[in-house]
Amino acid sequence: MTELEYLDRAEALLATVEAECDRINESGQTDIDNQRVGGMVTLVFDDRSQIVVNLQKPLLEVWLAARSGGYHYRWQDGGWRDTKTGEEFYARLSLSASEHARVPLSFGAAG
(Lines give C-alpha, C1' and ligand atoms only; values in the text may rest on other atoms or scores of the structure.)
Protein backbone atom coordinates (compact mmCIF):
# COMPACT_ATOMS: atom_id res chain seq x y z
CA MET A 1 0.00 0.00 0.00
CA THR A 2 1.28 3.45 -0.84
CA GLU A 3 1.40 6.24 1.72
CA LEU A 4 -1.41 8.03 -0.14
CA GLU A 5 -3.62 4.91 -0.03
CA TYR A 6 -2.87 4.56 3.67
CA LEU A 7 -3.81 8.18 4.35
CA ASP A 8 -7.08 7.86 2.41
CA ARG A 9 -8.09 4.68 4.26
CA ALA A 10 -6.91 5.86 7.66
CA GLU A 11 -8.66 9.22 7.37
CA ALA A 12 -11.84 7.41 6.31
CA LEU A 13 -11.56 5.22 9.42
CA LEU A 14 -11.22 8.25 11.72
CA ALA A 15 -14.17 9.95 10.02
CA THR A 16 -16.26 6.80 10.51
CA VAL A 17 -15.33 6.63 14.21
CA GLU A 18 -16.44 10.25 14.63
CA ALA A 19 -19.69 9.66 12.72
CA GLU A 20 -20.43 6.52 14.73
CA CYS A 21 -19.96 8.45 17.99
CA ASP A 22 -22.45 11.04 16.73
CA ARG A 23 -24.90 8.27 15.78
CA ILE A 24 -24.57 6.62 19.20
CA ASN A 25 -25.03 9.96 20.97
CA GLU A 26 -28.13 10.77 18.92
CA SER A 27 -29.61 7.33 19.64
CA GLY A 28 -29.44 7.98 23.38
CA GLN A 29 -27.48 4.77 24.10
CA THR A 30 -24.79 6.70 25.95
CA ASP A 31 -22.82 9.91 25.65
CA ILE A 32 -19.37 9.71 24.08
CA ASP A 33 -17.41 12.94 23.81
CA ASN A 34 -15.17 12.56 20.77
CA GLN A 35 -12.34 14.98 20.13
CA ARG A 36 -10.15 15.01 17.05
CA VAL A 37 -6.70 16.54 16.93
CA GLY A 38 -4.81 15.86 13.72
CA GLY A 39 -4.50 12.11 13.22
CA MET A 40 -5.94 11.21 16.62
CA VAL A 41 -9.49 10.76 17.91
CA THR A 42 -10.09 10.52 21.66
CA LEU A 43 -13.36 9.05 22.92
CA VAL A 44 -14.24 10.12 26.46
CA PHE A 45 -16.92 8.23 28.38
CA ASP A 46 -19.14 9.27 31.32
CA ASP A 47 -16.69 7.81 33.85
CA ARG A 48 -13.91 9.91 32.19
CA SER A 49 -12.20 6.79 30.82
CA GLN A 50 -10.83 7.11 27.31
CA ILE A 51 -10.21 5.23 24.09
CA VAL A 52 -7.62 6.73 21.76
CA VAL A 53 -7.40 5.94 18.05
CA ASN A 54 -4.38 7.39 16.31
CA LEU A 55 -2.55 7.11 13.03
CA GLN A 56 0.99 5.77 12.91
CA LYS A 57 2.01 7.05 9.48
CA PRO A 58 5.61 5.78 9.43
CA LEU A 59 4.34 2.22 10.03
CA LEU A 60 1.17 2.57 7.88
CA GLU A 61 -0.82 1.48 10.94
CA VAL A 62 -3.70 2.63 13.10
CA TRP A 63 -3.39 2.15 16.85
CA LEU A 64 -6.18 1.80 19.39
CA ALA A 65 -5.57 2.23 23.13
CA ALA A 66 -8.29 1.25 25.60
CA ARG A 67 -8.70 0.01 29.15
CA SER A 68 -8.23 -3.54 27.82
CA GLY A 69 -4.88 -2.79 26.16
CA GLY A 70 -3.18 -1.47 23.06
CA TYR A 71 -3.85 -2.76 19.55
CA HIS A 72 -2.11 -2.22 16.21
CA TYR A 73 -3.93 -2.46 12.87
CA ARG A 74 -2.77 -2.70 9.25
CA TRP A 75 -4.87 -2.65 6.12
CA GLN A 76 -5.24 -6.29 5.02
CA ASP A 77 -7.88 -8.28 3.16
CA GLY A 78 -10.09 -5.24 2.66
CA GLY A 79 -10.10 -4.03 6.27
CA TRP A 80 -8.04 -2.89 9.23
CA ARG A 81 -6.76 -6.06 10.93
CA ASP A 82 -4.92 -6.51 14.22
CA THR A 83 -1.27 -7.28 13.49
CA LYS A 84 -1.21 -10.11 16.06
CA THR A 85 -4.68 -11.67 16.01
CA GLY A 86 -6.25 -10.59 12.72
CA GLU A 87 -9.25 -9.16 14.61
CA GLU A 88 -11.11 -6.48 12.67
CA PHE A 89 -10.77 -2.90 13.99
CA TYR A 90 -14.48 -2.15 14.45
CA ALA A 91 -15.03 -5.42 16.32
CA ARG A 92 -12.39 -4.42 18.89
CA LEU A 93 -13.64 -0.83 19.07
CA SER A 94 -17.19 -2.09 19.69
CA LEU A 95 -16.01 -4.40 22.50
CA SER A 96 -13.80 -1.77 24.10
CA ALA A 97 -16.42 0.99 23.89
CA SER A 98 -19.02 -1.36 25.39
CA GLU A 99 -16.66 -2.04 28.30
CA HIS A 100 -16.05 1.68 28.87
CA ALA A 101 -19.72 2.73 28.50
CA ARG A 102 -21.10 -0.33 30.33
CA VAL A 103 -23.75 -0.75 27.62
CA PRO A 104 -23.60 -2.74 24.37
CA LEU A 105 -22.31 -0.53 21.54
CA SER A 106 -21.66 -1.28 17.90
CA PHE A 107 -19.23 0.62 15.69
CA GLY A 108 -18.59 0.08 12.01
CA ALA A 109 -19.06 1.40 8.54
CA ALA A 110 -22.64 0.10 8.58
CA GLY A 111 -23.29 1.10 12.20
Side-chain angles (χ1 to χ4, degrees):
M1 167 174 25
T2 68
E3 187 173 337
L4 185 56
E5 290 170 328
Y6 162 78
L7 288 173
D8 285 345
R9 289 177 176 139
E11 288 294 331
L13 178 132
L14 293 181
T16 298
V17 169
E18 290 178 294
E20 288 291 287
C21 286
D22 292 343
R23 179 189 59 77
I24 288 167
N25 289 340
E26 290 169 7
S27 76
Q29 291 175 281
T30 192
D31 184 39
I32 304 171
D33 180 26
N34 64 92
Q35 305 163 357
R36 176 145 182 204
V37 177
M40 181 173 67
V41 174
T42 303
L43 312 182
V44 182
F45 296 85
D46 286 338
D47 66 358
R48 308 311 298 159
S49 64
Q50 298 180 359
I51 294 175
V52 177
V53 179
N54 66 316
L55 307 186
Q56 294 296 316
K57 294 176 188 175
L59 301 173
L60 304 180
E61 292 182 353
V62 174
W63 290 2
L64 184 150
R67 184 181 289 144
S68 59
Y71 307 88
H72 300 187
Y73 297 86
R74 283 194 198 117
W75 185 262
Q76 180 181 343
D77 300 327
W80 292 99
R81 303 275 173 199
D82 185 282
T83 59
K84 292 182 181 173
T85 66
E87 179 182 46
E88 196 272 332
F89 173 84
Y90 293 111
R92 168 48 50 198
L93 179 58
S94 296
L95 287 171
S96 294
S98 297
E99 291 170 6
H100 283 258
R102 296 184 180 96
V103 296
L105 298 175
S106 178
F107 282 76

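Computed over heavy atoms, backbone and side chain alike; hydrogens, waters and symmetry mates excluded. All values derive from a computational prediction rather than experimental measurement.
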Honestly curious: do [X] and [Y] fall in one hydrophobic cluster under the side-chain, below-4.5 Å linking rule?
{"X": "Val52", "Y": "Leu95", "result": "no"}
{"X": "Val103", "Y": "Ile51", "result": "yes"}
{"X": "Leu7", "Y": "Met1", "result": "yes"}

Are Arg67 and Ser49 linked by a side-chain donor-acceptor pair shorter than 3.5 Å?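 Yes, Ser49 and Arg67 have a side-chain donor paired with an acceptor closer than 3.5 Å.
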Side-chain donor-acceptor pair present, Thr85, Glu87, cut-off under 3.5 Å: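 Their side chains do not contain a donor-acceptor pair, so the 3.5 Å distance test is not met.
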Show the nearest heavy-atom pair for residues Glu99 and Ser68, with the distance to one decimal.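 Nearest heavy atoms, Glu99 then Ser68: OE1-CB, 3.7 Å.
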Could you pull out the closest heavy-atom pair between Ile24 and Ser106, with the gap in Å?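 Shortest heavy-atom contact: CD1-O, 4.1 Å.
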Please round to the nearest 0.5 Å and tell me the distance separating atom OG1 of Thr42 and atom CG of Asp33.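 Between Thr42 OG1 and Asp33 CG, I get 9.5 Å after rounding to 0.5 Å.
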When rounded to the nearest 0.5 angstrom, what is the spacing between CD in Glu18 and CG in Leu43?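 The CD atom of Glu18 sits 9.0 Å away from the CG atom of Leu43.
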Test log, rule side chain to side chain contact (heavy atoms under 4.5 Å, CB included), inputs Arg102 and Asp47: CA-CA 10 Å; Arg102 296 184 180 96; Asp47 66 358; 3.3 Å; yes
Could you walk me through whether Tyr73 and Leu93 pass side chain to side chain contact (heavy atoms under 4.5 Å, CB included), step by step? CA-CA 12 Å; Tyr73 297 86; Leu93 179 58; over 6 Å; no
Quick one: does Trp75's side chain get under 4.5 Å of Leu60's, heavy atoms only?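 Result no, sub-4.5 Å side-chain heavy-atom pair not found.
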Do Glu61 and Tyr6 make a side-chain contact, defined as non-hydrogen atoms from C-beta onward lying under 4.5 Å apart?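 Side chain of Glu61 against side chain of Tyr6, heavy atoms only: no contact under 4.5 Å found.
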Electrostatic pair [X]:[Y] at N-O distance under 4.0 angstrom:
{"X": "Arg81", "Y": "Glu88", "result": "no"}
{"X": "Asp82", "Y": "Arg74", "result": "no"}
{"X": "Arg23", "Y": "Glu20", "result": "yes"}

Determine which pairs satisfy ring pair (Phe, Tyr, Trp, His ring centres under 6.0 Å) with at least one residue from residues 23-44, sequence neighbours left out, and list them in order.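 Counting only pairs at least two positions apart or across chains, no ring pair (Phe, Tyr, Trp, His ring centres under 6.0 Å) contact touches residues 23-44.
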What pairs of residues pass the ring pair (Phe, Tyr, Trp, His ring centres under 6.0 Å) test when at least one of them lies in residues 17-67, not counting sequence neighbours?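 Listed once each, the pairs are Phe45-His100, Trp63-His72.
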Would you sort out whether Leu55 and Leu14 count as a side chain to side chain contact (heavy atoms under 4.5 Å, CB included), showing the intermediate values? CA-CA 9 Å; Leu55 307 186; Leu14 293 181; 3.8 Å; yes
Is the distance between the ring centroids of Tyr90 and Phe107 under 6.0 Å?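 No - the distance between ring centres of Tyr90 and Phe107 does not fall below the 6.0 Å cut-off.
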Under 3.5 Å, side chain of [X] to main-chain N/O of [Y], donor-acceptor pair present?
{"X": "Glu5", "Y": "Thr2", "result": "yes"}
{"X": "Tyr71", "Y": "Ala65", "result": "no"}
{"X": "Asn25", "Y": "Ile32", "result": "yes"}

For Ser98, what residues pass the side-chain contact (heavy atoms from CB on, under 4.5 Å) criterion, not counting sequence neighbours?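 Residues passing side-chain contact (heavy atoms from CB on, under 4.5 Å) with Ser98: Leu105.
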Applying side chain to side chain contact (heavy atoms under 4.5 Å, CB included) to Val62 and Gln56, what does each step give before you reach the verdict? CA-CA 6 Å; Val62 174; Gln56 294 296 316; over 6 Å; no
